[in-house]
Amino acid sequence: MVFEVFRQERKGQPFQHAGALAAPNAEFAEAWAREQYGRRQESEALWVVPRDEIRAVHDFPDELHKTYHRVDGYSLKAKLKEARQRAESAGALSARADLP
Amino acid sequence: MSGRAEMLLAIADDELILGWRDSEWTGIAPSLEEDVAFSSIAQNEIGHARALYELAARDLGTTADELAFDRAPDEYRCAPLVELRRLDWAHTIARHWLYETADELRLAALVASGDAELAGLAAKMDREEVYHRMHAQMWADRLRGEQRFEAAVDELWPYALGVLDADGRAALAQRVGREQVEPVERGNHSEELRELWQEMTSVRRSVPGATW
């Protein structure tokens with residue numbers, strides 16, 4: 001069986017994936033994880049999880065490229081730049097119109 | 001030499017030599033995971049040896065390194081159990097399990113002794129030994145009933161009795177579920193210890209008196 005090991009470095013911090021190990025059962029997995037990820041006092045706590053118990057999700061279709069749904073958000077940078085340029089050229093035109 | 005120093009050296013030598021023997025699996029243990037775990041346990045045993053040598057060194061007016069490396073092979077007080085070189089996993093686990101079971105009884109007696117300093121160190125060591133025992137028990141449970149493992153336990157049982165003083169042996173026999181037999185006592189060393197000693201002390205002997 002393969003077990004995934006998650007390690008918490010300090011109290012209160014999130015557990016992060018440390019690595020995986022192969023073990024015949026949970027008892028061996030715990031003993032081996034303890035020696036591999038805890039013996040140098042580098043961990044506050046470990047989670048030792050059978051890989052089969054993890055429901056892996058990795059398909060996230062976005063066929064229509066709905067960028068406004070994405071975590072990096074709706075990109076305003078390019079649009080702002082354009083708007084600024086438009087504003088500047090409009091300002092320049094109106095300034096010219098003020099000339100005698 | 002005081003009785004206390006003699007006892008400290010006997011336990012320290014057990015831990016050092018067993019740590020050395022266990023470390024012989026580094027790189028060739030049955031799986032990568034076990035390799036890391038068993039090497040870590042070996043390092044722990046050597047750490048326990050160091051702490052015990054330091055206590056003994058104070059009584060004897062010397063240093064831990066001198067006790068660990070500068071004595072002649074015949075001056076070591078380790079039990080024959082830890083000297084045996086059996087690079088076979090069934091024997092290794094049989095020895096590990098028998099030794100840890102005996103060591104638990106020995107540490108419990110030290111914790112309960114009137115020697116506050118030694119009781120304190122024994123309690124600290126025991127808090128690490130808990131995990132060695134878990135590891136040993138887990139393997140013993142897994143191999144129980146396997147012919148090679150059972151034969152190894154049969155072979156090593158008289159040696160395991162020799163780890164403890166006469167008054168601790170009944171408890172060990174009970175713990176392990178076996179009858180007491182004629183123990184292989186401390187005092188006589190095997191050729192295997194001499195070979196181990198040659199290798200273990202070779203760096204230190206290469207430059208006598210150097211500070212490492």
Side-chain angles (χ1 to χ4, degrees), chain A residues 1-63 65 67 69-73, chain B residues 15 18-19 22-51 89-90 92-93 95-97 99-101 103-104 124-146 148-149:
Chain A
M1 281 172 81
V2 176
F3 290 80
E4 299 290 347
V5 183
F6 298 82
R7 191 168 78 77
Q8 185 188 41
E9 204 167 297
R10 298 267 175 277
K11 266 201 177 92
Q13 285 187 347
F15 283 71
Q16 292 189 319
H17 188 235
L21 52 86
N25 58 38
E27 198 186 5
F28 271 81
E30 180 189 325
W32 285 341
R34 187 187 292 285
E35 296 298 342
Q36 206 157 328
Y37 298 106
R39 72 193 163 120
R40 301 182 191 83
Q41 303 300 312
E42 72 271 48
S43 301
E44 179 67 33
L46 300 176
W47 287 344
V48 185
V49 186
R51 183 181 279 173
D52 293 346
E53 295 296 316
I54 293 176
R55 184 175 292 224
V57 179
H58 43 68
D59 46 332
F60 309 102
D62 180 18
E63 299 299 330
H65 306 291
T67 55
H69 266 179
R70 294 186 186 170
V71 281
D72 55 353
Chain B
E15 299 272 312
L18 184 62
D22 286 351
S23 77
E24 289 174 336
W25 281 101
T26 300
I28 55 167
S31 74
L32 177 62
E33 288 83 352
E34 182 56 41
D35 201 301
V36 172
F38 211 54
S39 302
S40 163
I41 287 172
Q43 282 183 329
N44 265 341
E45 301 291 16
I46 292 172
H48 294 169
R50 185 175 63 178
W89 195 243
T92 299
I93 292 302
R95 167 163 63 191
H96 179 42
W97 177 64
Y99 180 83
E100 294 299 345
T101 309
D103 196 37
E104 181 179 14
K124 272 189 198 167
M125 282 166 58
D126 195 57
R127 283 196 287 278
E128 293 190 355
E129 295 290 357
V130 168
Y131 300 104
H132 298 188
R133 290 197 290 272
M134 273 174 53
H135 176 272
Q137 191 62 48
M138 158 186 110
W139 267 110
D141 289 346
R142 190 162 179 82
L143 298 183
R144 185 155 296 122
E146 296 282 344
R148 284 170 64 189
F149 176 69

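Each chain gets a letter, A, B and so on, in the order the sequences are listed, and its residues count up from 1.
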**Message:** Taking side chain as everything from C-beta outward and backbone as N, CA, C, O, which of these in A:A22 sits under 4.5 Å from a heavy atom of chain B? Side chain, backbone, both or neither.
**Reply:** both
**Candidate pair B:V36 and A:R39, rule side chain to side chain contact (heavy atoms under 4.5 Å, CB included), full reasoning** = CA-CA 10 Å; B:V36 172; A:R39 72 193 163 120; 4.1 Å; yes
**Request:** Assess whether side chain to side chain contact (heavy atoms under 4.5 Å, CB included) is satisfied between B:M138 and A:E30, documenting all intermediate values.
**Result:** CA-CA 11 Å; B:M138 158 186 110; A:E30 180 189 325; over 6 Å; no
**Prompt:** Would you find more than 12 non-hydrogen atoms of other residues, nucleotides or ligands less than 6.0 Å from A:F6 atom CZ?
**Reply:** yes
**Message:** Tell me if the CD atom of A:Q16 is crowded by more than 12 foreign heavy atoms within 6.0 Å.
**Reply:** no
**Asked** Side chain, backbone, both or neither: which part of B:Q43 has an atom under 4.5 Å from a heavy atom of chain A?
**Response** side chain
**Request:** On the 0 to 90° scale, with breaks at 30° and 60°, tag the B:W139-A:F28 ring pair as parallel, tilted or perpendicular.
**Result:** perpendicular
**Message:** If I measure from the heavy atoms of chain B, does A:R34 come under 4.5 Å with its side chain, its backbone, both, or neither?
**Reply:** side chain
**Prompt:** Quick one: CD on B:Q137 to CD on A:E27, what's the gap to the nearest 0.5 Å?
**Reply:** 8.5 Å
**Message:** If we define contacts as heavy-atom pairs under 4.5 Å, which of B:H135, B:R142, B:M134 has the most with chain A?
**Reply:** B:R142
**chain A contact via B:S40 - which portion, at a heavy-atom distance below 4.5 Å** = both
**Request:** Measure the CD-CD distance between A:E35 and B:E33 for me, rounded to the nearest 0.5 Å.
**Result:** 12.5 Å
**Asked** More than 12 non-hydrogen atoms from neighbouring residues, nucleotides or ligands closer than 6.0 Å to CZ on B:R144, yes or no?
**Response** yes
